[in-house]
2 protein chains.
Amino acid sequence: MEYIQQNFNVNFSYGVFFSSNLFDPANTCLSSFLESKAEPAFQKKLLVILDGGVVAHHTNLPQQITSYLQTVRGFQLAPEIITISGGESVKNDLPLLFSLVDAIDKYGIDRHSYVIGIGGGSLLDLVGFAAAVSHRGVKHIRIPTTVLSQNDSGVGVKNGVNYKGKKNFLGSFAPPAAVFNDAVFLTTLDTRDWRSGMVEAVKVALIKDAPFFTWMEEKAVTLTAGDMPAMKELIYRCAALHMQHIGGGGDPFESGSSRPLDFGHWSAHKLEQLTNFELRHGEAVSIGIALDSVYSFLLGWIDESAMQRILTVLKNMQLPIWHPLLEMQDGKPSPVIVGLEEFREHLGGQLTISLLRAIGKGEEVHHIDLDLLYKAVTICKNNQ
Amino acid sequence: MEYIQQNFNVNFSYGVFFSSNLFDPANTCLSSFLESKAEPAFQKKLLVILDGGVVAHHTNLPQQITSYLQTVRGFQLAPEIITISGGESVKNDLPLLFSLVDAIDKYGIDRHSYVIGIGGGSLLDLVGFAAAVSHRGVKHIRIPTTVLSQNDSGVGVKNGVNYKGKKNFLGSFAPPAAVFNDAVFLTTLDTRDWRSGMVEAVKVALIKDAPFFTWMEEKAVTLTAGDMPAMKELIYRCAALHMQHIGGGGDPFESGSSRPLDFGHWSAHKLEQLTNFELRHGEAVSIGIALDSVYSFLLGWIDESAMQRILTVLKNMQLPIWHPLLEMQDGKPSPVIVGLEEFREHLGGQLTISLLRAIGKGEEVHHIDLDLLYKAVTICKNNQ
């Protein structure tokens, strides 16, 4: 038998920029980036896909974007800025996905051109996937507008849409060409989005960075009340930890089983789905973190004071730490806890759940004791 | 402005195995590969998607596949082998794409499991894309069954489907987990597929490997008549050159403009489309190679004897070197030559066309002289 071995590395590199008022003519952050990518021999194109929820708060934004991007040397802006609604529902809409693919075709966005998504994490997931499958991948720039997308999903490498009720069933790993976090968009977030977006920072601190957790303990009340300098610091530190994990963790495209960043997420995904996304992602993750932290305590991995510190931070952020669907329902198992098997199927292979060995140190297990888990549910309920 | 730079490498590695009678119980090539990937903690799954055109010639194949794969330790075969038609038309069928995604869902193919595609290049392109977008990429194994797919597309890293009449508009770069070339499938190819599959070997030899071209000159007549040992050697050498280019060329996912492997392809894509795929891909590429070789001669890049050697090899392989659509049509420009701009749009950026500096040495240009191109058409016509 003859045999040829193929082996190569592909380098992925992108910057995450932290700025304010990106489309102010005086702000050259985005235009400088683009102009650094211009080529003398031909024009590159730009197509903007914008979150209607953002436009509702920033009504001049489409006009500002147009004025700003029309002056970028070497680039030609598509004649239309596409505005779509934001929120999780855009990920349930395959015709919308194809309408974006059609726009990429119609406006001649080729592999040298850029699709720019501006919005929350759901819109960015959708736009990133449309870009990733068109022409085998056109470049995309992300401008996340929420706390959650600025500190977590928007700076990462995944995209995706839901399919037949399964979250992110269709998607890919496709690093962005660049990410621009604009703090001005945070000023118009509603209270729930402002608060719940902090939870991924709590999560990543708990599994990786004890001093960051301590900092959040100190800041939780003022952060929750709207302290913007503190929020900017939270976003920066969370984004940096997230990016270090992707770039330095050895498995950026998740070919193995280990997914420590999923701490608190197995129950959260199911809670979101069971509540028809009335729970925000961050709220569901807050409940998930509380549950898995208490479970870690019941296993003897963290002590009671550590558990209480975690629950207190979440409560100080005005986030939920329990939900009735976590309990037995009329003598039947909790539909969330039944979802543990679904979570295993989604990841494939062995059940792999991240727990806490200490504040700042995650560790994975491959088995969950259901009796202990129901005890953890009760402790969460009693600590609300 | 604050800034975080992300930078990481992803390693891609896969083997291409050359064997015969893959599903003979005595042949452990495929089963050994799979068993090397087994894990004690859980079962991985296998889903086979099979080309109906292959089954027509190998009627026991579904039964053989089932018997063979059911015995692989650590793996569970899906209860159904999915048979679909082969040929380019499967790439025009989005509902078929989604039916494969549905099967991946239904049979619980997760990111540790494998989708195995068995068929020609079109089927493999479709199956590879369905796998690439499910769960952000499930592993796929390719078993190419034609000369063309065994020496070229099947050993590469691309997949894709056509969309709204645009070839490969939707697709991705997704290296396979492994490729198994089985020579037995070649014995039942029809004459046109056998012959036209050789043209990618002519192409890659012309741009990269003069001794391989000389070898094909010597073997062209016997290859065309059905010499299997020679064909195996042609496939091995062509696959190796193709893989070296991808792995060693510095741009496996084609982020830049340079695409030397597209030599002869700009007109070929258009000819396929304009003839409703009545021309095989390899036949169209043969015409494209002839045209671009003659154009290279008219530019003074290769001498007349080199040009004649190229045309002679193609003619000895009983492949076409001209098509009426290359000429002016009733005083209007050739619809193929008009397609030059479409080709540029597909790649984006500057027009980039590979030509020949010598047999064995490709070189790119960014401008085509249309008068000279029509002269090349006439020379091809007169040399048939």
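Computed from a prediction, not measured in an experiment: that's the story for all the values here. Here is the naming used below: chain letters follow the sequence lines, and residue numbers restart at 1 for every chain.
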When heavy-atom pairs shorter than 4.5 Å are enumerated against chain B, which of [options] gives the highest number?
options	answer
A:Tyr14, A:Phe98, A:Phe253	A:Tyr14
A:Val10, A:Leu170, A:Val179	A:Val10
A:His112, A:Gln5, A:Gln6	A:Gln6

So which part of [X] gets closer than 4.5 Å to some heavy atom of chain B, the side chain, the backbone, both or neither?
X	value
A:Leu94	side chain
A:Lys139	side chain
A:Lys232	neither
A:Val138	neither
A:Tyr236	both
A:Phe8	both

**Main-chain N/O of A:Glu254 paired with B:Arg136 side-chain donor or acceptor, under 3.5 Å** =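 No, B:Arg136 side chain to A:Glu254 backbone: no donor-acceptor pair under 3.5 Å.
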
**Asked** So what's closer than 4.5 Å to chain A heavy atoms on B:Lys44: side chain, backbone, both or neither?
**Response**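 Contact with chain A: none, neither part.
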
**Request:** Check each atom of B:Glu39 against the heavy atoms of chain A and say whether the ones under 4.5 Å are side chain, backbone, both or neither.
**Result:**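 Interface part for B:Glu39: neither.
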
Just give me the residue among [options] that pairs up with chain A most often, heavy atom to heavy atom, under 4.5 Å.
options	value
B:Gly137, B:Ser134, B:Ser113, B:Ala132	B:Ser134
B:Ile246, B:Ile4, B:Asp102	B:Ile4
B:Asp105, B:Val101, B:Val155, B:Asp251	B:Asp105

**Prompt:** In Å, rounded to the nearest 0.5 Å, how long is the span from CZ of A:Phe12 to OG of B:Ser255?
**Reply:**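 Output value for this atom pair is 9.5 Å.
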
